[in-house]
S.K.: 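Below is a structure I'd like to ask you about.
Each ligand, and each atom within it, is numbered from 1 in the order the structure gives.
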Amino acid sequence: MSERLAGTEANPTIAPAVDFRRFHGPFDIIGDIHGCYDELRALLGDLGYRVSEEREADGEPAIRVAPPEGRMLVLLGDLVDRGPLVVPTLRLAMGVLRDGTGLCAPGNHDDKLRRWLLGRPVHIAHGLRTSIDQLEAEPPAFCDRTLAFLQGLPPYLVLDRGRLICAHAGLPLAAQGRDDRRARDLALFGVATGERDEAGYPVRIRWAETYRGEAFVVYGHTPVRRPEWIGNTVNIDTGCVFGGSLTALRWPERETVSIPAFRVYDPSGRFDGRPTDDAS
Ligand SMILES: [Mn+2]
């Protein structure tokens, strides 16, 4: 793989599953919603989107998003867990995929919910119980729809002719364009050293500090007080569910728009650049 051009138009080795280069934006990229649907609606309103809560012909609730002319919503993963409104957040994400008004990459929490829905043994912690409780209050068909939605998500997105990569936990250059187990784990969980910190959480490599790729990488997963710009990357997880804020990155403008959380939904957050959980 080319040292510098991985993930760009010049690199022909983009796996089909992650190849969204034909989508040029402009985009509004939002991640780590964690069921903070009220804040998501407010932020989308600030960005000029119209959100409507409707019903399908069969009576099933549906949430429809109408972007401003020409724009597209990109959801950067961790739709679920910890927060109060996981179900409408999922409905909105399913709605944008169905209508073609947006794209979605999964986060580690979404992937763990997917495995729970498949009946696999998962450790119910780090907010998964809040999602399960909310899903169990819905008709069983909603779990089926949620599983089908999660099963269909690509591990990350290569966008805009290869200039932009949206990956929940970021993506080092060597993994860009790949669709193997390691690339998938990096995109969903990040780069772990194998060590644990004094609180028992996995230590992650700060890959962005040495990143020299040409594709701009937008990621989240580790809460920070303000969007963290490092080289050709930005972390936009500003910890809404922990009482921080919900942030969108506008592309290609490279501007962020944030709104403060309406309340602290989960008091366990920290904003020091270390992971808040190891929901793996
Ligand atoms: Mn995450």
S.K.: Within 2.8 Å of the Mn ion (ligand 1), is there any N, O or S atom belonging to N108?
M.R.: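 So N108 does bind the Mn ion (ligand 1) by this criterion.
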S.K.: Can you see which heavy atom on P26 is nearest to which on G70, and at what distance?
M.R.: CD-O, 3.6 Å
S.K.: Can you list everything that forms a side-chain contact (heavy atoms from CB on, under 4.5 Å) with R225? Sequence neighbours excluded, please.
M.R.: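 Counting only residues at least two positions away or on another chain, R225 forms a side-chain contact (heavy atoms from CB on, under 4.5 Å) with F271.
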S.K.: So, are D180 and R182 salt-bridged, with charged N and O less than 4.0 Å apart?
M.R.: no
S.K.: Decide, counting backbone as well as side-chain atoms, whether D237 has an N, O or S atom less than 2.8 Å from the Mn ion (ligand 1).
M.R.: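 Here the distance criterion (N, O or S atom, under 2.8 Å) is not met by D237, so no.
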S.K.: Tell me, which N, O or S atom in D78 is closest to the Mn ion (ligand 1)?
M.R.: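 This turns out to be OD2.
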S.K.: Please find the N/O/S atom of H168 nearest to the Mn ion (ligand 1) and write down its name.
M.R.: NE2
S.K.: Any chance the rings of H34 and H109 have centres within less than 6.0 Å?
M.R.: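 When the ring centroids of H34 and H109 are compared, they turn out to be within the sub-6.0 Å range.
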S.K.: Hey, is the Mn ion (ligand 1) within less than 2.8 Å of some N/O/S atom on H109?
M.R.: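 No.
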S.K.: For L43, which residues count as a side-chain contact (heavy atoms from CB on, under 4.5 Å) partner, sequence neighbours excluded?
M.R.: I30, L47, L246, A248, V257, I259
S.K.: Restricting to N/O/S, name the atom of H221 that gets closest to the Mn ion (ligand 1).
M.R.: ND1
